[in-house]
There are 2 protein chains.
Amino acid sequence: MARKLEDSAAQLAALGHPVRLGILRAVVKGPQEGTPAGDLQARLDIPASTLSHHLATLSQAGLITAERQGTFLLYRADFKALRALTDYIWEECCQGGACC
Amino acid sequence: MARKLEDSAAQLAALGHPVRLGILRAVVKGPQEGTPAGDLQARLDIPASTLSHHLATLSQAGLITAERQGTFLLYRADFKALRALTDYIWEECCQGGACC
DNA sequence: CCTAAGATTCGAATAATATCGAAATATGCG
DNA sequence: CGCATATTTCGATATTATTCGAATCTTAGG
């Protein structure tokens, strides 16, 4: 399965925003079973609608996943996707043989 | 030296554009001493002014460096910066202990 | 000094993104 | 059902990014 440059760019763009990078960090450092959107909102102190928009961006990029638990929506980081993304960067780089 | 979230976000944003990711790839796969802007333009088939703008973005983010050689400007990838960036992502992730 | 080649900067139009309050949707519970 | 809580979607605005032709700048060479 060929990894598309466009998809990687979309994931990198999703991470390329201070608020979203902060969201990912908060999700990663949160409980393994996931962090409710409300908890993220309280911790990061941003309006709910803004947070929701950023969560959607990260989710569409495939970097986080959501699972409903009652009235809560638990967000979890997709570590496999993160690994694939960083791997992609280095596959690109090492193909030239200049760095590793 | 503490790596700032904002700086990482800026670097990720620089990579988060298909054309710029393509430029980085071309630079990485090019000769070690650097690739002239004109070569990149011919290979990627984009207007010179557009290319120049993207090169400036990548350069300001600290992902590539430029060195003049006569009338040419040779662009090189900053592998150290790329490594630091991918490392940063995993430092963030592994702090939670959930993934590695 | 003049010209040509390589590359950037300017300027201006268009497109995309970010933000956030208000309204709407989904879920659980009494 | 009706209400409360959690979250998203809508709508509207402000900001920023992207694009590219034309003009400018830089350097080398005659």
Side-chain angles (χ1 to χ4, degrees), chain A residues 5-27 30-31 33-77, chain B residues 5-27 30-31 33-77:
Chain A
L5 180 138
E6 277 79 14
D7 298 336
S8 299
Q11 292 189 323
L12 289 163
L15 292 179
H17 189 288
V19 172
R20 281 194 296 267
L21 197 52
I23 290 171
L24 181 72
R25 182 167 62 175
V27 168
E33 66 269 20
T35 308
D39 285 17
L40 294 170
Q41 193 207 330
R43 193 163 326 173
L44 300 169
D45 194 31
I46 51 180
S49 62
T50 302
L51 172 63
S52 191
H53 181 252
H54 286 311
L55 285 170
T57 301
L58 287 167
S59 183
Q60 277 174 239
L63 295 171
I64 62 175
T65 58
E67 189 189 355
R68 183 171 282 280
Q69 188 138 348
T71 57
F72 296 89
L73 261 177
L74 300 182
Y75 282 94
R76 244 191 309 263
Chain B
L5 180 139
E6 276 80 12
D7 298 336
S8 299
Q11 293 189 323
L12 289 163
L15 292 179
H17 188 287
V19 172
R20 281 194 297 268
L21 196 52
I23 290 171
L24 182 72
R25 183 167 62 175
V27 168
E33 67 269 19
T35 307
D39 283 18
L40 294 170
Q41 194 207 330
R43 193 164 325 172
L44 301 169
D45 194 30
I46 51 180
S49 62
T50 302
L51 173 63
S52 192
H53 181 253
H54 285 310
L55 286 170
T57 301
L58 287 167
S59 183
Q60 276 173 239
L63 295 171
I64 62 175
T65 58
E67 187 189 357
R68 184 172 281 281
Q69 187 137 350
T71 56
F72 297 89
L73 260 179
L74 300 182
Y75 282 94
R76 245 189 309 262

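Remember, it's a predicted structure, so these values are computed and weren't measured experimentally. The chains referred to below are lettered A, B, ... by the order of the sequence lines, with proteins before strands, and numbering in each begins at 1.
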Would you mind building the protein contact string for nucleotides 18-25 of chain C? One character per nucleotide, 5' to 3', B for base within reach (heavy atoms under 4.0 Å), S for sugar-phosphate only, - for untouched.
SBBBB---

Given atom CD1 of A/I64 and atom P of D/dT7, what is their separation to the nearest angstrom?
13 Å

In this structure, CG of B/L51 is separated from CG of B/D45 (nearest 0.5 Å) by 11.0 Å

Whether B/Y75 contacts C/dG6 is assessed here as follows: a side-chain N or O lying under 4.0 Å from the phosphate OP1 or OP2. Is that the case?
no

Quick one: salt bridge (charged side-chain N to carboxylate O under 4.0 Å, His left out) partners of A/E6, sequence neighbours excluded?
none

Generate the contact string for nucleotides 1-6 of chain D. Rules: B means base contact, S means sugar-phosphate contact only, - means no protein heavy atom under 4.0 Å.
-----S

Provide, to the nearest angstrom, the distance between the CD atom belonging to A/Q60 and the P atom belonging to C/dA16.
15 Å

Can you tell me how far C1' of D/dT26 sits from CD of B/Q69, to the nearest Å?
15 Å

Provide the closest heavy-atom pair for B/A66 versus B/L73 in the form atom of the first, atom of the second, distance.
CB-CD2, 4.2 Å

Spatial distance of atom CG (A/L58) from atom NE2 (A/H54) [nearest 0.5 Å]:
8.5 Å

Within this structure, what is the CG-CG distance for the pair B/L24 and B/L55, rounded to the nearest 0.5 Å?
10.5 Å

What is the distance, to the nearest angstrom, from the CG atom on B/D39 to the P atom on C/dG6?
10 Å

Could you tell me whether the side chain of B/R68 and the main chain of B/G70 form a donor-acceptor pair under 3.5 Å?
yes

Distance in angstrom units between B/Q41 CD and D/dG21 P, rounded
10 Å

Mark yes or no for whether B/R76, through its side chain, and B/E33, through its backbone, hold a donor-acceptor pair below 3.5 Å.
yes

Assuming nearest nucleotide by heavy-atom distance, tell me which of B/L55 and A/G70 is located more 5' along DNA chain C.
B/L55

Side chain of A/Q11, backbone of A/A61: donor and acceptor closer than 3.5 Å?
yes

